[in-house]
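Shown next, in structure tokens, is the structure this report addresses.
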Number of protein chains: 2
Amino acid sequence: MREEDKPEIRKLLLFRTMSPENFERLMQAAYAHSFPAQLELIRQGEPADFLHIVMEGTVELFSGWRDRETAMAVVRPVSTFILAACIKDAPYLMSARTVEKSRIIMIPSKDLRATFRLDPEFAVSTITELANCYRSVVRHAKGLKLRTSRERVAAYIYRQSSIAGNAVSFVLPMEKRLLASLLGMTPENFSRAIKSLQSDGVAMDGMRIIITNMKLLEAVAGPDALIDGPDTNAGHFGSGLTGP
Amino acid sequence: MREEDKPEIRKLLLFRTMSPENFERLMQAAYAHSFPAQLELIRQGEPADFLHIVMEGTVELFSGWRDRETAMAVVRPVSTFILAACIKDAPYLMSARTVEKSRIIMIPSKDLRATFRLDPEFAVSTITELANCYRSVVRHAKGLKLRTSRERVAAYIYRQSSIAGNAVSFVLPMEKRLLASLLGMTPENFSRAIKSLQSDGVAMDGMRIIITNMKLLEAVAGPDALIDGPDTNAGHFGSGLTGP
DNA sequence: CGAACCCTTGACAGAAATCAACTAAGGTGG
DNA sequence: CCACCTTAGTTGATTTCTGTCAAGGGTTCG
């Protein structure tokens, strides 16, 4: 792996507080590799041999059953994924594929497990990271069970706007079909949901969403910190999503 | 709290490996209390001041949004719940209420956080516990997104049978309305789902489920270790669910 | 330029929620 | 002990939501 990746990784909450020696050791065991788009990195059910870190690009976590498939999460730099399986030394519950060309770092999970036994600081960081992951999936499940697909779309738009500093317009950060799957619906249904939200303050132009009436949208979305996540990013500029 | 509770708690994976001194200290900070049925122990959104442990009885974790409500999990002795919120010192994402009269132990979350910083063994146990919780919610979400309600019911029945040692009959461990909510459907829909499964090897007599054709049921359920959980209990006798 | 592929739209079918009515069981209070 | 009330569960009728199938427009990429 590149030397210049290390500071980036070190910035992650998971690796920020561990001892320099342990960090170095972990990095020395790591591999880095670039993958083209649409390449399957991980197949669900296989043993979890590596913790993955996205350095560049985008990765989709998804799951399948019979002939169905659904997106569970979209991971962007710089973040880790499938930490829990590595810790448990258990099969991956989700598959992963690149959405676009991506650079990925892989840390052998046995080194990971050894490290949080040696380094109490790393153990605490791992606890925090896992607690975050857990709460994130709980929110996902709550959204699925408590909201209709139309409400999920509205809430998603409202949240993206909020992340972009209450922008009245932003560009969808992924393909619509992927977003639809993430939100638990078909692409057709997503398309119709957006259309039906025209009467509630949402317009769309290609990949750009324009909020024509924030109050109306908010009324449909019913934003809730316990589902959509806290407004930690409000006031910041989101990753190029602000505009126009 | 009762002195005789301690060995039970100590048996939990979360507390099994920590040092005796730290365990004692944690227990001394703990409260124990009995609650009647249908009492709200925790309200979502409130600060997570206590880790809870069910010693006796049954607890339902649920969430609400607007006027809707859904069950997220059912917790039985001896287990902890809402660990992640305590660790993060963040608001509970879920509410909790007793399903029946229950005895609950509460450990102040600040003592918990202090302890896993002091005791590396406890930190490792916490990591494992959280990873389990995470994977459990991921499975839940997968079931919701990949299966229809009828398939979820079939899979639930198949799994319960499997836990009870492939019993052809067992008694539902909770009210049908609660089970329906847990499986992400209305009671009416649950009732109809069971009825429609008659043609696929499932019969019902009150709270008792009788599997009349395991092969047919299995074909509908499509059991999957990555959704329903590993068959760790296969071959054991489940908690009184075996029959007839 | 053609071949994919994404997105949208329409028509339809199926799934699930809602509303309403009814039964049965359990608990309460006279 | 019984009448009464409450509640869980079931069933039917209906509406709403969502997925499926099919077709067409637009874009990208080889």
Side-chain angles (χ1 to χ4, degrees), chain A residues 36-38 58 60 64-71 97 99-101 143-155 171-200 202-209 220, chain B residues 36-38 58 60 64-71 74 97 99-101 143-156 171-200 202-209 220:
Chain A
Q38 296 302 324
T58 310
E60 172 193 358
W65 181 73
R66 292 187 167 163
D67 61 342
R68 295 168 216 167
E69 187 179 300
T70 187
R97 71 165 75 96
V99 172
E100 53 190 335
K101 186 171 184 302
L144 291 169
K145 294 183 86 171
L146 292 168
R147 298 209 263 229
T148 65
S149 65
R150 186 170 187 270
E151 288 161 347
R152 291 197 294 277
V153 171
V171 173
L172 291 174
M174 67 191 86
E175 273 185 351
K176 290 174 190 172
R177 58 205 319 278
L178 176 53
L179 182 52
S181 180
L182 200 57
L183 295 175
M185 67 192 79
T186 58
E188 295 95 325
N189 203 1
F190 176 80
S191 203
R192 283 187 254 268
I194 294 266
K195 200 177 177 187
S196 89
L197 284 171
Q198 278 180 4
S199 53
D200 293 278
V202 175
M204 185 169 63
D205 177 24
M207 290 298 276
R208 178 167 292 275
I209 297 290
V220 183
Chain B
Q38 296 301 326
T58 310
E60 173 193 359
W65 181 72
R66 291 188 169 165
D67 61 343
R68 294 168 217 167
E69 189 180 298
T70 188
V74 170
R97 71 164 76 96
V99 171
E100 52 188 335
K101 186 169 184 302
L144 290 169
K145 294 183 86 171
L146 291 168
R147 298 210 263 229
T148 65
S149 65
R150 185 170 186 270
E151 287 161 347
R152 290 198 295 278
V153 171
Y156 176 83
V171 173
L172 292 174
M174 67 191 88
E175 274 186 348
K176 291 173 189 172
R177 60 208 317 278
L178 176 53
L179 182 52
S181 179
L182 199 57
L183 295 176
M185 67 192 78
T186 58
E188 294 96 324
N189 202 7
F190 176 79
S191 200
R192 282 187 253 269
I194 293 266
K195 201 177 176 186
S196 89
L197 284 171
Q198 278 180 5
S199 54
D200 292 278
V202 176
M204 185 169 62
D205 177 23
M207 291 298 276
R208 178 168 291 276
I209 297 291
V220 183

Under a 4.0 Å heavy-atom criterion, the protein footprint on nucleotides 24-30 of chain D, written with B, S and -, is -------
Scoring nucleotides 5-20 of chain D by protein non-hydrogen atoms under 4.0 Å (B base, S sugar-phosphate only, - none) yields ---SSSBBB----SSB
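Rounding to the nearest 0.5 angstrom, the gap separating the OG1 atom in A:Thr58 from the CG atom in A:Leu178 is 9.0 Å. Distance CD1/B:Ile194 to OH/B:Tyr156: 10.0 Å, rounded to 0.5 Å. Taken from OG in A:Ser181 to CE in A:Met174, the straight-line distance is 10.5 Å, to the nearest 0.5 Å. The distance from the CE atom of B:Met204 to the CG atom of B:Leu197 is 10.0 Å, given to the nearest 0.5 Å.
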Name every donor-acceptor pair, under 3.5 Å, that has one atom in a side chain of residues 146-153 of chain A and the other anywhere in the protein, sequence neighbours excluded.
residue: A:Arg147; atom: NH1; partner: A:Ala221; partner atom: O; Å: 3.3
residue: A:Arg147; atom: NH1; partner: A:Gly222; partner atom: O; Å: 3.3
residue: A:Arg147; atom: NH2; partner: A:Asp228; partner atom: OD1; Å: 2.3
residue: A:Arg147; atom: NH2; partner: A:Asp228; partner atom: OD2; Å: 3.3
residue: A:Thr148; atom: OG1; partner: A:Glu151; partner atom: N; Å: 3.3
residue: A:Thr148; atom: OG1; partner: A:Glu151; partner atom: OE1; Å: 3.4
residue: A:Arg150; atom: NE; partner: A:Ser196; partner atom: OG; Å: 2.7
residue: A:Arg150; atom: NH2; partner: A:Ser196; partner atom: O; Å: 3.0
residue: A:Arg150; atom: NH2; partner: A:Asp200; partner atom: OD2; Å: 2.6
residue: A:Glu151; atom: OE1; partner: A:Thr148; partner atom: N; Å: 2.8
residue: A:Glu151; atom: OE1; partner: B:Arg68; partner atom: NH1; Å: 2.7
residue: A:Glu151; atom: OE2; partner: B:Arg68; partner atom: NH2; Å: 2.8
residue: A:Arg152; atom: NE; partner: A:Leu183; partner atom: O; Å: 2.6
residue: A:Arg152; atom: NH1; partner: A:Arg147; partner atom: O; Å: 2.8
residue: A:Arg152; atom: NH2; partner: A:Leu183; partner atom: O; Å: 3.2
residue: A:Arg152; atom: NH2; partner: A:Gly184; partner atom: O; Å: 3.1

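Nucleotide C:dA15 holds its P atom 17 Å from the CD1 atom of B:Ile194, rounded to whole Å. Counting to the nearest Å, the P atom of C:dA16 and the CG atom of A:Leu144 are 14 Å from each other. In this entry the distance linking CG of B:Asp205 with P of C:dA25 reads 11 Å, nearest Å. Put simply, CG on B:Leu146 is 16 Å from C1' on C:dA15, counting in whole angstrom units.
What you find for A:Arg208 and A:Val171 is that their closest heavy atoms are NH2-CG2, 3.3 Å. Minimum heavy-atom separation, B:Glu60 to B:Ala71: OE2-CB, 3.5 Å.
Residues passing the salt bridge (charged side-chain N to carboxylate O under 4.0 Å, His left out) test with A:Glu69, sequence neighbours excluded: A:Arg97. Take A:Glu188 and apply the salt bridge (charged side-chain N to carboxylate O under 4.0 Å, His left out) test, not counting sequence neighbours, and it matches no residue.
Under the 3.5 Å distance criterion, the side-chain polar atoms of B:Lys145 are matched with a main-chain donor or acceptor of A:Leu182.
Note on the helix from C:dC1-D:dG30 to C:dG30-D:dC1: terminal axis deviation equals 40°, with five pairs used at each end and the result rounded to 10°.
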